[in-house]
Amino acid sequence: MARLTINGKAVNVDVDPNTPLLWVIREQVGLTGTKYGCGVAQCGACTVHMNGEALRSCAMPVSAAEGKKITTIEGLANKGLLTKVQKAWIEHDVPQCGYCQSGMIMAVSALLKEKPKPTDADIDAAITNICRCGTFQQVREAIHAAAKA
Amino acid sequence: MKIATPKITRRQFIINSAAVGGGLALGLRLPYGGPTVVRAADGSPEIGAWVVIRPDETVVVRIARSEMGQGSLTGLAQMVAEELECDWKRVTTEYPTPATNVARKRVWGDYGTGGSRGIRTSENYVRKGGAAARMMLVQAAADQWKVPVSECSAANGVVTHGPSKKKLSYGKLAEAAAKLDVPKDIPLKDPKDWKIIGKPLKRLDTADKVTGKQMYSADMKLPGMLSAAIKGAPVFGAKVVSFDQSKISAMKGVKKVMVVRNTAVAVVADTWWQAKTALDALPIVWEEGPNNKVSSESIAKMLDEGLSAEQAFVHNQNGDSKAALASAAKKIEAVYTYPYQNHACMEPMNATALYTADRCQVWTGTQNGEAALAATAEASGLPVDKCDVHKMLLGGGFGRKGMSDYVTQAVVIAKEMPGTPVKLLWSREEDMAQGRYHPVMHAKLTAGLDNAGNISGMHIRLSGQSILAAVRPEALDKGKDPFAFQGFWPTGEHSLEYTIPNLLIDHAMRNTHVPPGFWRGVNINQNAIFLECFIDELAQAAGQDPLAFRRKMMDKHPKSLAVLNAVAEKGGWGKPLAAGRHLGLAHFRSFGSYVAACAEISVKDGNKVKIHKIVAATDTGYAVNPAQIERQISGSFVYGLSAVFDQECTVKDGKIEQTNFHDYNSMRIAQMPKVESIVMPSGGFWGGVGEPTICVAAPAVLNAFARATGKRIRSFPLKNHGITLV
Ligand code: FES
Ligand code: FES
């Protein structure tokens, strides 16, 4: 049994403690906005926040998440009110297939918390998510727009 | 696009199953609304097959092609809305299921979404679909007012009677319009009158992608659903001999272990993580056969032999290349090679299937709904009218999801567990091992130059694998694969855009046991590198400027010349550059469109490439949504540059060696050049968008690299030469 706090709610899940947090979020908790892309911390599709920091949930056993505050893409907006990152994503029409974008948005949101006005170099260093559709140009524009908003 | 997460009981789910997947048209003929009215699942009337109008004025546009990120869904809706004269803000979309299409005699046409065809090969009938609905709505208003239809006009979802200024909205007219016959003679607007086509409108399908709400088929949930993980034979063509189930049967959640079509083993469990963990622990014995001796080296040897083989399929020929080369003042020869590559869609292959004795349903992201339906029928053993496929948004496709192998597997597994929905999801490792790979190709290019530095003759010999021979042998032309020659055709949508005398382009087909597939751009990726890099080599040998050298051969190719000139001008060709900067050019024609790129790079330490800027131009004839075209252009550089710098699938002991993104890398934002797009539609034709640009990425950068370093690289990816993109 693992006790988790996900998007402000306490959840208890009966699962092998070695199960990656990603799969607990998707399969036991049922929140599928967090995606599987590689399972080996390469692509960032599974990015969530743990105590406010971006984390690749596919490579972390659920046992390590106990007692920590987990936020997923579903928990980003507050009562349906989108964050400025989400709004910038819509405004700049960033997603193509969209599959990587939950992770991308979570990574960017964590970056903006730490560096509210990131430079291009800050973005290059912090955002290492893979996007096979190739939305990077729009991602960069939207990050700067969100920083200004 | 709404794809519902079915939040219903299992019983309802089976009864209503045709409707699950979101407001899909059932073709129901309900007692109200007259005998000829066809209704959507929510009861709203269909005004012709392409348009449903709800009482609240929402316009539902039917979309047959698949959306996988390329934006066709929005473009197709724009085309219907243009002719429909509706309010764009009220437009939404839905996918009619492939089985509904079959049942209705393919009223929505072709579902295949590949070859950059989404817009260009359906534009006529979807625009007519919108126009027909408008004509029916206007007719309904005229009938109600008892005035001549010629006195009525439609705009913004409202029909107005000119003389009396009476108005009726589409929502109010829909019931009456739905009872009318669909007109036969449907005139379309003159392109100069377009108001929605050609506008850089936002995509219709963004909102749910930023909140996690968007459902992909990997996210499918159904009551009582189990999950499956699968391992296909690592050596292509190998067979399962046995597996030791006792090693995993005690593992938590494991429900079933089974052989799938003799070529794969699947584990079904309560959750996917349990299934995958058990599968990883399952000892499997394979009968590998002779293919386990094949390696990248043995394949390369076979392809090299083809470079000088007597027999080859000829696809473009004029004059006497042999004689011209023999008598040339100067002869230049170069051999290029191109590797296997995997699509690596962000969302791995997956499908959910539910089989019962008399029905089989599948939920999946597919580029070819009808092929997926056929696969469902074949694997379930049920007739097509007892099967259906609920298409969901794809987390990338790039050609890979035009194949239905994963659908077949899901149905085979579900058939073993009647009444239980099973979601099959591939791991990334499975995706890398079981690709339908970009084929390998080698090329020997030989050209003669005369004393004035003009090309006097040329021979391009391709040697390598044919996709069609493997996946659609019936499409071969007396054994020849015309698609191997994309960009080299004498005429047509993949035509060679130079006038070259004494030309011969031929292909020694050398197939291997590695399954090839259509990979975004398909054969233009290597063909553009071969030709456009070689042209730069020739310009250098002739001591001429690469742009001027190209222009000499392009008099008869004004559209290609126009895109080339556009990138050269905006890219600063011939103008002074910042210190250490170098430019490279490339252009190519494919899928009916004309594209060009000018890359500006610098190189540090001889091997660290920084791409500062790429100017890219495309002439697609008509440009339905320039904003989405720009996104396809900048995205194409990510796909194309990832491929040329980093991506190669190597073969050892008959298997693919790469297993995940750590050894099959994809570029990141730090490496992304600034892309300046020039969308320059010249009108009069419909060219593709999703693929053409990808092929100019590599040669533009390679040509710039050669100018920067004096080094001409002829085998790929560049990482094998220690060259990295920074
Ligand atoms: S799925 Fe976690 S980083 Fe790729
Ligand atoms: S939007 Fe498709 S992978 Fe990023």
Side-chain angles (χ1 to χ4, degrees), chain A residues 15-16 18-20 22-24 26-28 30-40 42-43 45 72-77 80 82-83 85-87 89-91 93-102 105 120-121 123-125 127-140, chain B residues 67-71 202-203 205-216 218-219 221 227 252 270-274 277 343-348 393-398 425 427-429 627-628 631-632 634-639 642 660-662 665-672 674-675:
Chain A
V15 66
D16 180 333
N18 291 322
T19 308
L22 166 66
W23 292 102
V24 174
R26 287 181 58 81
E27 303 201 298
Q28 272 81 21
L31 294 173
T32 54
T34 307
K35 303 301 187 200
Y36 165 71
C38 68
V40 293
Q42 285 285 322
C43 74
T72 71
I73 184 79
E74 292 90 345
L76 215 53
L82 298 185
T83 65
V85 175
Q86 289 171 310
K87 281 191 207 147
W89 247 240
I90 290 175
E91 189 52 38
D93 231 4
V94 174
Q96 287 187 28
C97 82
Y99 193 83
C100 73
Q101 298 295 341
S102 296
I105 289 169
D120 278 337
I123 294 170
D124 290 348
I127 306 302
T128 56
N129 300 44
I130 291 176
C131 172
R132 291 293 286 149
C133 297
T135 58
F136 297 136
Q137 182 141 323
Q138 292 75 38
V139 166
R140 191 185 295 281
Chain B
E67 177 60 50
M68 48 191 154
Q70 83 281 33
K202 293 241 174 74
R203 296 175 67 111
D205 55 350
T206 299
D208 286 351
K209 293 176 182 168
V210 306
T211 60
K213 239 188 246 155
Q214 175 67 54
M215 290 279 293
Y216 301 81
D219 304 327
K221 281 176 249 177
S227 290
K252 216 175 155 203
D270 286 330
T271 68
W272 187 77
W273 183 253
Q274 291 169 334
T277 308
H343 302 75
C345 310
M346 251 357 252
E347 179 195 24
L393 174 70
L394 289 76
F398 312 118
L425 171 66
S427 64
R428 174 61 60 200
E429 289 77 11
Q628 301 314 325
R631 282 160 176 74
Q632 286 305 296
S634 55
S636 289
F637 286 104
V638 176
Y639 212 75
S642 294
N660 207 315
F661 287 120
H662 67 285
N665 201 3
S666 190
M667 77 189 255
R668 315 298 160 106
I669 201 167
Q671 300 161 298
M672 178 74 194
K674 183 171 173 32
V675 175

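Each chain gets a letter, A, B and so on, in the order its sequence line appears, and its residues count up from 1. Predicted, not measured: the structure shown is a model, and the values here were computed from it.
For the set B:Lys674, B:Gln671, B:Met667, B:Gln274, the count of heavy-atom pairs under 4.5 angstrom toward chain A peaks at B:Met667. Residue with the most contacts toward chain A among B:Ala218, B:Ala344, B:Gly71: B:Ala344 (heavy-atom pairs, distance under 4.5 Å). For the set A:Glu91, A:Gln28, A:Lys87, the count of heavy-atom pairs under 4.5 angstrom toward chain B peaks at A:Glu91. Per-residue heavy-atom pair counts under 4.5 Å with chain A were compared for B:Gly396, B:Ala207, B:Gly397, B:Gly635, and the maximum is reached by B:Gly635. Put simply, of B:Leu394, B:Val675, B:Val638, B:Val210, the one with the most heavy-atom pairs under 4.5 Å next to chain A is B:Val210. The residue among B:His343, B:Gln70, B:Glu347 with the most heavy atom pairs within less than 4.5 Å of chain A is B:Glu347. In terms of heavy-atom pairs under 4.5 angstrom with chain B, the leader among A:Asp124, A:Thr135, A:Thr83 is A:Asp124.
When heavy atoms are compared at a cutoff of 4.5 Å, B:Gln628 approaches chain A solely by way of its side chain, counted from C-beta outward. Of the atoms belonging to B:Ile669, heavy atoms from both backbone and side chain fall under 4.5 Å from chain A. When heavy atoms are compared at a cutoff of 4.5 Å, B:Met68 approaches chain A solely by way of its backbone atoms N, CA, C and O. For A:Ile105, the part lying under 4.5 angstrom from a heavy atom of chain B is the side chain only. Contact annotation for B:Lys252: only side-chain heavy atoms (C-beta onward) come within less than 4.5 Å of a heavy atom of chain A. Heavy atoms of A:Gln86 lying under 4.5 Å from chain B belong to its backbone as well as its side chain.
The SG atom of A:Cys38 sits 10.0 Å away from atom NE2 of B:His662, with the distance rounded to the nearest 0.5 Å. Distance check, rounded to the nearest 0.5 Å: CG of A:Asp16 to OG1 of B:Thr277 gives 7.5 Å. To the nearest 0.5 angstrom, A:Tyr36 atom OH is 4.5 Å from B:Ser427 atom OG. With rounding to the nearest 0.5 angstrom, the CD1 atom of A:Ile73 is 13.5 Å from the NZ atom of B:Lys209.
Heavy-atom minimum distance, A:Cys97 versus B:Tyr216: O-OH, 2.7 Å. The two residues A:Leu82 and B:Thr211 make their nearest non-hydrogen contact at CD2-CG2, 3.7 Å. Nearest heavy atom pair, residue A:Trp89 against residue B:Thr206, reads O-CG2, 4.4 Å. Closest non-hydrogen pair, A:Asn129 versus B:Arg668, comes out as O-CD, 4.0 Å. Residue B:Ser634 comes nearest to A:Gln138 through the heavy atom pair OG-NE2, 3.3 Å, listed as atom of the first residue, atom of the second, then distance. Across all their heavy atoms, B:Lys221 and A:Thr32 have their closest contact at CE-CG2, 3.7 Å.
The shortest distance between side-chain heavy atoms of A:Val40 and B:Glu429 falls below 4.5 Å. Two residues are said to be in side-chain contact when any heavy atoms from C-beta on lie closer than 4.5 Å; B:Ser227 and A:Glu27 meet this criterion. In this structure the side chain of A:Gln137 never reaches within 4.5 angstrom of the side chain of B:Arg631, judged on heavy atoms. A 4.5 Å side-chain heavy-atom check between A:Gln42 and B:Ser666 finds every atom pair outside the cut-off.
Considering only residues two or more places apart in sequence or on other chains, B:Phe637 meets the ring-ring contact (aromatic ring centres under 6.0 Å, His included) condition with none of them. Residues passing the salt bridge (Lys or Arg N to Asp or Glu O under 4.0 Å) test with B:Arg203 are B:Glu67, B:Asp205, sequence neighbours excluded.
In this pair, B:Trp273 and A:Trp23 present their aromatic rings parallel. The plane angle is below 30°, not in the 30 to 60° band.
With salt bridges taken as basic N to acidic carboxylate O contacts below 4.0 Å, one links A:Lys35 and B:Asp219.
The backbone N or O of B:Met346 sits nowhere less than 3.5 Å from a side-chain atom of A:Arg132 that would complete a donor-acceptor pair. Between the side chain of A:Tyr99 and the backbone N or O of B:Cys345 there is no donor-acceptor pair closer than 3.5 Å.
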**Report entry** Stepwise side chain to side chain contact (heavy atoms under 4.5 Å, CB included) check, B:Gln214 with A:Ser102
**Finding:** CA-CA 10 Å; B:Gln214 175 67 54; A:Ser102 296; over 6 Å; no

